[in-house]
Amino acid sequence: IFFKDLKGIKSLEEKVAEKLNIKKVIIAASSDDDKLLTLKELGKVGSDYLNQILLKESVIGVTGGSSVASVIDVFKKDKLDFSKCIVIPARGGLGNKAEFQANTLAEKLANKLGSSYKTLYTPDVLSKSTIDLLMSEPEIKETIDTLEKIDLLIFGIGNAETMSKRRSLNSEKIGIILNKGAVSEAFGYYFDKNGEIVHEMSTIGIKLSTFKKLGNLIAVAGGEEKVASIISICKLNSNLVLITDENVARKIINDN
Ligand code: F6P
């Protein structure tokens, strides 16, 4: 597929980055009638960028979701020895297919890099006391400590309503989250349009405070239902690099 206005793409990328106040925006071509095709383009662009910025000893966090999966699917390392990298899912998960995938994706990316990886097979919802108990297990503690060392995060952004349904939350819970103004979801947290947290899943994963301090983070998100979601997440950390598609980029520019 082709860009609608190839010449203007570089300047559109700059305008969107400036409007969102983030480090960089990279735009993939959009297909108006084939979401899978757009997803594939996002994957290619994301994978190229990943190759550019990976360091020899990166601790790479990944989330689940089809967008991150599309990057890792086509990724092929093109330089260096990455054997000292570590890949880790940014959040635990096992109850639900979408979350489960983060573990699979971490393993898949590690295999492509020839690096090691960690997994976090824990239920999606954990009580505080279970989390404390798990933390006392040395192996789990080591994995959780590694979450704090993530220096590159590749993550997906979801539309809050879509994600709360995909996670099969009950309708009362969904109502509460949406009534609080949730528009986006990322790594287990729901946010309103100003990037304020409105709900947090009680699970093991990267802390919001850690996320806010990351120097390298790549969000992969396209599709027009995510315009408000993307705008919201970009308020959390100005080091963010956004991989999105052309239609979304134009909508962001026209949003006021
Ligand atoms: O469930 C994992 C996750 O990364 C969520 O945090 C995010 O909202 C969602 O997947 C994005 O999924 P997709 O890329 O399929 O839209």
Side-chain angles (χ1 to χ4, degrees), residues 28 30 35-47 50 60-75 87-109 119-125 147 150 152-169 174 177-178 182-193 195 197-208 210-211 214 217-234 236-237 240 242-245 247-248:
S30 308
K35 285 187 178 166
L36 279 179
L37 211 54
T38 307
L39 198 59
K40 267 197 162 165
E41 294 294 319
L42 284 179
K44 277 193 241 162
V45 171
S47 152
L50 184 58
I60 308 157
V62 299
T63 68
S66 58
S67 314
V68 173
S70 73
V71 171
I72 294 175
D73 265 351
V74 294
F75 180 80
V87 192
I88 180 170
R91 227 168 57 84
L94 139 124
N96 169 315
K97 211 173 154 212
E99 318 303 336
F100 171 79
Q101 213 185 10
N103 284 299
T104 322
L105 292 177
E107 182 178 347
K108 189 166 176 183
L109 179 59
T119 50
L120 264 173
Y121 285 105
T122 55
D124 284 351
V125 180
L147 284 174
I150 289 176
L152 168 63
L153 178 69
I154 312 162
F155 72 107
I157 296 174
N159 172 293
E161 187 173 353
T162 306
M163 280 313 293
S164 55
K165 291 184 179 152
R166 208 202 274 182
R167 290 199 172 118
S168 316
L169 301 187
I174 297 179
I177 295 175
L178 296 181
V183 296
S184 63
E185 193 285 343
F187 48 92
Y189 295 82
Y190 291 79
F191 304 90
D192 68 14
K193 67 178 181 9
I197 178 167
V198 299
H199 179 71
E200 172 181 352
M201 290 180 74
S202 174
T203 175
I204 290 178
I206 188 168
K207 294 197 196 95
L208 183 55
T210 309
F211 175 89
L214 286 173
L217 54 168
I218 310 175
V220 191
E224 292 174 33
E225 75 151 27
K226 292 187 185 174
V227 172
S229 320
I230 292 169
I231 295 174
S232 142
I233 297 295
C234 287
L236 298 171
N237 186 329
L240 199 141
L242 172 68
I243 315 281
T244 194
D245 67 83
N247 287 350
V248 169

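As the structure lists them, so they are numbered: ligands from 1, and atoms in each ligand from 1.
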- Message: Below the 3.5 angstrom mark, is there an N/O of Gly158, backbone or side chain, next to an N/O of ligand 1?
- Response: yes

- Task: Just jot down the ligand 1 atoms closer than 4.0 angstrom to any heavy atom of Arg167, in number order.
- Result: 1 (O), 5 (C), 6 (O)

- Query: With side chains defined as the heavy atoms from C-beta onward, is the minimum distance between Leu50 and Leu152 less than 4.5 Å?
  - Reply: yes

- Message: Quick check on contacts: which atoms of ligand 1 are under 4.0 angstrom from a heavy atom of Lys226?
- Response: 13 (P), 14 (O), 16 (O)

- Note, Leu147 side chain near Arg91 side chain (heavy atom, < 4.5 Å): no

- Message: Side chain or backbone, does Ala186 bring an N or O within less than 3.5 Å of an N or O on ligand 1?
- Response: no

- Is Gln101 near ligand 1, meaning one of its heavy atoms is under 4.0 Å from it? no

- Task: Check whether any side-chain heavy atom of Leu208 lies under 4.5 Å from a side-chain heavy atom of Phe187, and answer yes or no.
- Result: yes

- Note on the structure: ligand 1 to Ile157, heavy atom cutoff 4.0 Å, flagged ligand atoms 8 (O), 11 (C)

- Item | Atoms in ligand 1 with a heavy atom of Phe187 nearer than 4.0 Å | 6 (O)

- Item | Non-hydrogen side-chain atoms of Lys226 and Ser67 separated by less than 4.5 Å | yes

- Where ligand 1 meets Arg166 - atom numbers and elements under 4.0 angstrom, heavy-atom basis: 12 (O), 13 (P), 15 (O), 16 (O)

- For the pair Lys40 and Asp73, evaluate salt bridge (charged side-chain N to carboxylate O under 4.0 Å, His left out) and give the outcome as yes or no after the intermediate values. CA-CA 9 Å; Lys40 267 197 162 165; Asp73 265 351; over 6 Å; no

- For Met163, atoms of ligand 1 separated by under 4.0 Å from a heavy atom: 1 (O), 5 (C), 8 (O), 9 (C)

- Heavy-atom check, side chain of Val71 versus side chain of Ile243, under 4.5 Å: no

- Message: So Phe155 and Ile233, do their side chains get closer than 4.5 Å, heavy atoms only?
- Response: yes

- Task: For Thr63, counting its heavy atoms only, list the atoms of ligand 1 lying under 4.0 Å from any of them.
- Result: 4 (O)

